[in-house]
Structures are given as structure tokens and as C-alpha cells.
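Below is one structure, written out as C-alpha cells; the observations come after it.
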Amino acid sequence: MTEPSEETTAARSRAGSASDQDRSERRLTRRGWTLLVSGALFVAFALVGFFIPVPYVAISPGPTYDTLGKDAAGQSVIQVNGHEMFQTSGELRMTTVSLRDGGITLFNALGLWASGRYALAPREEYFKPGETNEQVRQENIQQLQDSQTAAQVAALRRKFPVKVLAKTIVSGSPADKVLAPGDRLLVVNGKTVTEATEVRAALNGTKPGQTVQITFKSDGQAERTVPLTLAQRPDGPEGFMGLTAVDRADVPFDVKISLQDVGGPSAGLMFALAIVDKMEPGDLAGGRHIAGTGEISEKGVVGAIGGISFKVVGAREAGATDFLVPAHNCAEAKTAAPDGLNLIKVSTLDEAIAQLENLKAGRPTASC
């Protein structure tokens, strides 16, 4: 057995040191890869958070508009031509909700949510699959126009008669090519009609194939009575003419509602109140700053709406002290109403008018 020489021992020592150094370098390399991968993941997450939109919309309080005042173009929101108008004071503000869609990233959404002023909702709750922003805008405009028409009828029928018009005609139905939209319906199946609901009621007990007489008047023409052979109704056993009817005010003057860049049906109540306030003596607002919301039917029934929790906030920020709330929205409104805003529950236009008269006289109002 020979003893290792001093040279051999030194060489082995150097070789061992080199091996340790290589292993150390490899360990550093692994740590470097770990840092590199972690950094890459962080950058990817940041890019997604900052630039990739999420399928959500942001909802917040929107602007309010005084229906007794003027629009952005300086025109009165409510214009009446050919009838006396009365002096008003105060405000009757309609309220809106702002909907932000598109370009909302993950970090945007978190920031909006954390602000406490916005709520986030899945986009599919507000947009149908494949529906574009322009299509939604057009739908909202149509809803606004329908609400304005309903508001006019509801307000004017308090003092004036209504007439029944054909609104739509079903293609290929018995009424098709006989009547046209806008024709005035006078008698259906021997029954005089003074409201739209009476048109279908006049066909109760009829059968498909039965012939009935209908009297109507086209614009600029004399009355006509024609026979219609009824078809099968898709939603009932009675006969079917193939038209829908609507009520319209039968007045010799024009009422126009002028308001741009607003959509949806929920301004109906405030439009109707403004028409009443301008066309009837009494000064409903009475100098107060009143806001409200509510879809309205042609018979003056106030329906529930969406976004009430944002509308009460927007109303208070605009200076309103009292807010007209559809009865079905009262519970939600109470949970969100800011301090200093008096909530008044209403179910019909007449009830809303009565509550405003109570408010002006200092009497208690119906509270949510």
C-alpha cells in the first residue's frame, strides 16, 4: 500500500473545490430560472389585468333632468302648442343610471368596485348574445319614445277623452290590407270601443271562421264598416282580427317631449307629472326640488324599474329633497336612500299628484 503523494492530495482537493463550485453555480441557475418564471408570470398577470377586458358592465348614478326645465339645446322639455299653459315653480327631475360597457379590465373592475360608487354585473344581464351597443341604444330610444307617448295619454286623459287606434297589423291576418296603423277603431262586432282593452273584449265568445263587422276611420277619410272573417287566435279560443290597439289622447293640440341622449322607459311618471303641472292649475312642484322614477302605462299605472339604488343617490346629489318611488321598488330604495331624501311611495299617476299636493300643503306623505 502506498501513501498518496502531496501532489495527488492537492489535485483531489482542487478537483473537489471545482465540483463544489459547479454545483453552487447550478443552484444559482435554478434560482435564476425560478425568478425568471415568476417574473414572467407576474408580467403576464399584469398585462391581463391592465389590457384584457372582462365580460362585466359597471353601473353608477347617472345624470338627472328637470322635466319642467329645458333640454341641452335650450328647448322646454315639455312643449304644448294650442293650449293654455300654467306657471310652474320648483323641479320635477327624472333620474337615470349610467352603464359603462367595453374596455373594463380586471384592474379597472376592481378599482370601480372598491370606489363604492359602482356596481358590477355580468354583461349578459344587459346585452343579449350577439347584440351590439348600437342595437341596445336603438331599443332604449324606442322605449323612451313609448314612455313619452304613454305619459302623454296618462296625463291628458285626466281632462280629455281618448281615442282607440290600430297600432300594429299582423301580416297575413284578416285585418291585413284592410286596416293600417293609425286607423281609428270605432265599433268592433257591434260594440263601441272607447279604450284599447275593449277591442279584444268585443271578440269574446267569437269563433275562428266567424264574420264580424268593424267600423273604423282612416286619416282624412270617412268612416267605413267592413266585414272581417276571424282567424284562429294563437293565445286563446276566440276569433282573431290580427291587430293591436292603443289609446291616444283625442285633443286638438300638440304635446311634445324634447329630451336627447336618454333611453329606457323609466321616465314615464316624471314626464306625465310635468305635463299635468304645465297644463293644469295648481303648481304641483310648489317650489320644491322633487325627483322620481317609474314606468307608466297609458292608464296611469306606475310600474317598477331597475337601478333605484343608484337613482336615489343621483337625485340627492342633484339637490332633490323628495323622491317619488314606485311601490314595488320601495324596499330597495330604503336601503340605499341618502340622508335628507324623503321617499314617497306611489302606485298611480293620480296617487303621485295627491302626494305632491300633500307635500306642498305640509301634510304627511305615503312613505316607503
Side-chain angles (χ1 to χ4, degrees), residues 80-83 138-257 263-265 268 271-272 275 295-301 303 349:
V80 182
N81 298 314
H83 190 275
Q138 292 299 326
E139 288 174 7
N140 285 336
I141 290 173
Q142 184 61 55
Q143 289 177 339
L144 176 67
Q145 292 172 347
D146 291 343
S147 76
Q148 291 174 346
T149 300
Q152 291 178 34
V153 176
L156 295 177
R157 75 188 309 154
R158 286 168 44 84
K159 303 292 183 182
F160 302 96
V162 297
K163 56 187 175 182
V164 183
L165 303 183
K167 181 180 181 182
T168 57
I169 307 294
V170 178
S171 178
S173 70
D176 190 22
K177 301 189 183 347
V178 177
L179 290 94
D183 285 349
R184 182 171 183 175
L185 306 177
L186 301 170
V187 182
V188 175
N189 194 26
K191 300 177 178 65
T192 300
V193 292
T194 58
E195 291 187 349
T197 54
E198 295 173 348
V199 173
R200 179 167 179 174
L203 297 180
N204 287 343
T206 61
K207 301 293 182 184
Q210 179 178 338
T211 298
V212 299
Q213 301 291 321
I214 179 169
T215 302
F216 66 98
K217 186 178 185 300
S218 300
D219 190 29
Q221 298 182 18
E223 290 182 15
R224 286 194 294 157
T225 299
V226 298
L228 288 182
T229 300
L230 302 177
Q232 175 68 54
R233 188 170 196 88
D235 59 349
E238 68 268 20
F240 180 61
M241 287 194 300
L243 62 81
T244 58
V246 292
D247 292 333
R248 292 292 181 263
D250 188 11
V251 295
F253 55 85
D254 296 322
V255 177
K256 179 183 177 184
I257 299 177
F271 285 144
I275 294 171
E295 188 171 355
I296 199 166
S297 75
E298 291 165 349
K299 288 193 173 183
V301 177
L349 174 61

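This structure is a prediction, so every number in the text was calculated from the model and none was measured. Just so you know, residue 1 is the first one in the sequence shown, and it goes up from there. No hydrogens, no waters, no symmetry mates; every other heavy atom, side chains included, goes into these values.
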Open item on the list: Less than 4.5 Å apart, side chain to side chain, heavy atoms only: is that true for M241 and L179?
Closed with: no

Open item on the list: Is there a side-chain contact between D250 and V162 in this structure, where contact means two heavy atoms from C-beta onward sitting under 4.5 Å apart?
Closed with: no

Task: Exam field: side chain T206 to backbone G239, donor-acceptor pair closer than 3.5 Å - done: yes

- [ ] Measure the NZ-CD distance between K207 and E238 for me, rounded to the nearest 0.5 Å.
- [x] 9.0 Å

Open item on the list: Are the side chains of F240 and Q232 in contact, using a 4.5 Å heavy-atom criterion?
Closed with: no

TODO: Measure the CG-CD distance between L228 and Q213 for me, rounded to the nearest 0.5 Å.
DONE: 8.5 Å

TODO: Kindly indicate whether the side chain of R248, heavy atoms from C-beta on, has any atom under 4.5 Å from the side chain of V153.
DONE: yes

Open item on the list: I'd like to know whether L243 forms a side chain to side chain contact (heavy atoms under 4.5 Å, CB included) with D183, so could you lay out the CA-CA distance, the side-chain angles of the two residues, the decisive distance to 0.1 Å, and finally the verdict.
Closed with: CA-CA 11 Å; L243 62 81; D183 285 349; over 6 Å; no

Open item on the list: So if I apply the side chain to side chain contact (heavy atoms under 4.5 Å, CB included) rule between D247 and each of T197, V164, L165, T149, which one comes out positive?
Closed with: V164

- [ ] May I have the step-by-step check of side chain to side chain contact (heavy atoms under 4.5 Å, CB included) for I257 and Q152, ending in yes or no?
- [x] CA-CA 9 Å; I257 299 177; Q152 291 178 34; 4.2 Å; yes

Task: K167 NZ: over 12 foreign heavy atoms closer than 6.0 Å - done: no

TODO: Check for a donor-acceptor pair, side chain of R157 on one end and backbone N or O of E298 on the other, with a separation under 3.5 Å.
DONE: yes

Task: Steps toward side chain to side chain contact (heavy atoms under 4.5 Å, CB included) verdict (V187, T225) - done: CA-CA 9 Å; V187 182; T225 299; over 6 Å; no

Open item on the list: Among V193, I214, N189, exactly one meets side chain to side chain contact (heavy atoms under 4.5 Å, CB included) together with V199. Which residue is that?
Closed with: V193

Open item on the list: Within a 6.0 Å radius of atom NZ on K191, are there more than 12 heavy atoms belonging to other residues, nucleotides or ligands?
Closed with: yes

Task: Non-hydrogen side-chain atoms of R233 and R200 separated by less than 4.5 Å - done: yes

Task: P181 vs I169 side-chain heavy atoms within contact, under 4.5 Å - done: yes

Open item on the list: Could you tell me if the side chain of V188 sits less than 4.5 Å from the side chain of L203, heavy atoms only?
Closed with: yes

- [ ] Give the ring-plane orientation class for F253 versus H83, where under 30° counts as parallel, over 60° as perpendicular and anything between as tilted.
- [x] tilted

Task: Residue pair S171 / D176, side-chain heavy-atom distance below 4.5 Å - done: yes

